[in-house]
2 protein chains.
Amino acid sequence: MTAMSSPSNAPGTRERLIQAMSNGLQIGGFHGVALNDLLTQAQAPKGVLYHHFPGGKVDLAVAAIRAFVTHVKTALDGLQATHGDPFQVIGAWLEQAQKALEQGAFERTCPLASVALDSTAEDVVLRQAVARGFAEIREYLESLLEQAGVTGPRASALAILLVSGYEGALIQARVAGSVTPLEETSTLLLEMLRLELTTKVRSK
Amino acid sequence: MTAMSSPSNAPGTRERLIQAMSNGLQIGGFHGVALNDLLTQAQAPKGVLYHHFPGGKVDLAVAAIRAFVTHVKTALDGLQATHGDPFQVIGAWLEQAQKALEQGAFERTCPLASVALDSTAEDVVLRQAVARGFAEIREYLESLLEQAGVTGPRASALAILLVSGYEGALIQARVAGSVTPLEETSTLLLEMLRLELTTKVRSK
DNA sequence: TTGACACTAGACCGACCGGTCTACATAATG
DNA sequence: CATTATGTAGACCGGTCGGTCTAGTGTCAA
């Protein structure tokens, strides 16, 4: 193995490329982001991209999606460490999303969503990566809800709703240039969750 | 005025272009769709596009967005005519969306969402068109809920949630290649709505 | 030392994109 | 009939895209 670089070292070129692609996907989507821009942003020449990602743009995008999902799960892990109650974890997650939205001036959305929408049926690998990402996040939320006493199928349905509401709210917030859609959606989502949890606790 | 063509006549070239762009936006998004493809699809040469839409691609997309929103509102009007209860109208709307999703083999999504995500901050007109479209749909749902006795602010919040859930569910359904996300989301959304309406009726 | 290998580096290319341009058909208007 | 509006038609262009190619660099192992 080479002296340095591969996994876990400096901000390695490979990682910078992934980071740049992640940014690009959040801002402009898969078709909207130009490879040359990413390379400029990552201070890297063309060849290095082809070296690390033989599959080119698609390959890099898949890596960025994977990295993003990992990032989300890590963030949720962190929240889980500071908040005992699953309900509070989800509340904190939505709150955090709102702050991120404001900080990003409403230009950053979920890369999963953007890739999901501007990919066509031919982009099989891209779609699969997104599908898997969503599934992982849903599973995480699902297990969180189950910890709070919600039964399997119900937890699964609620996890889907949480993701639906979150993604849909981000879309509306972006074009409106306002946090209101996310705010209102979060409030109602949490309201519903609270209702669910108290009911479940009663029946426990 | 010319003998024929302008508004409401044959399937006019202009309308065919709008229709093609609408398809394109639903399938590949703004950046994902090629003008040449649209022209082939609409059996029209380049010049005719420039004639009808001096602003080019953006102009055409705005028209397609407008047309789509009108189409949605018309569809809701139709549902309202056959279903007296606002709750049933929304239920029928979600059901219809599910059928459309299956018929389109999960490739057609809401053009509002796709444009919202693959447009950047520079695409002002595009963003505004989408923002207005979302606002109009929300207002429609809001008035529907108010008819059912929900008070203003609450109706507004619920309208936002409905759109959020709907859009987010479509995204998940698309990449999953399954109606399940939309099914589950719809069920929970309607459940919440029913709870809301019975509560309101009681307090009426 | 030297060969192999991982990585960096950027010039280059064909394809395609959106946009512009000029030419033509049709038909209402004077 | 001539004129002008409106709409149809497609060749053409500059710019940019993603992808490929060849060359250079540093560091291991033999």
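Letters A, B, ... are given to chains in the order of the sequence lines, protein chains preceding strands, and every chain is numbered from 1. All values derive from a computational prediction rather than experimental measurement.
Considering only side-chain N and O atoms, T13(A) lies under 4.0 angstrom from the phosphate OP1 or OP2 of dT8(C). OP1 or OP2 of dT8(D) has at least one side-chain nitrogen or oxygen of H52(B) nearer than 4.0 Å.
Atom CD in Q43(A) sits roughly 9 Å away from atom P in dA9(C) (whole-Å rounding). Atom NE2 of H51(A) and atom C1' of dG10(C) are 16 Å apart (whole Å). Rounded to an integer number of Å, the gap from L49(B) CG to dT6(D) C1' is 16 Å. Atoms CG (L17(B)) and C1' (dT8(D)) sit 11 Å apart, rounded to a whole Å. Whole-Å rounding puts the L60(B) CG to dG18(C) C1' distance at 12 Å.
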TODO: May I have the step-by-step check of salt bridge (charged side-chain N to carboxylate O under 4.0 Å, His left out) for R154(A) and E191(B), ending in yes or no?
DONE: CA-CA 13 Å; R154(A) 186 70 180 176; E191(B) 194 179 295; 2.5 Å; yes
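Of the nucleotides present, dG30(C) is the one that pairs with dC1(D) by Watson-Crick or G-U wobble criteria, both distances under 3.5 Å. In a base pair of the Watson-Crick type (N1 to N3 plus N6-O4 or O6-N4) or a G-U wobble (N1-O2 and O6-N3), with each distance short of 3.5 Å, dA15(C) is matched with dT16(D).
Taking 3.5 Å as the limit, the base of dG19(C) and the side chain of K46(B) contain a donor-acceptor pair of atoms between them.
In the set dG10(C), dG19(C), dT8(D), the nucleotide with an atom closest to the side chain of L35(B) is dG19(C).
Judged by distance alone, the side chains of R138(A) and Q172(B) do bring a donor and an acceptor atom under 3.5 Å apart.
Distance check, rounded to the nearest 0.5 Å: NE2 of H51(B) to CZ of R14(B) gives 9.5 Å. Taking CG of L117(A) as the reference point, atom NE2 of H31(A) lies at 12.0 Å (rounded to 0.5 Å).
For dA5(D), the glycosidic angle deviates from 0 by 90° or less, giving a syn base.
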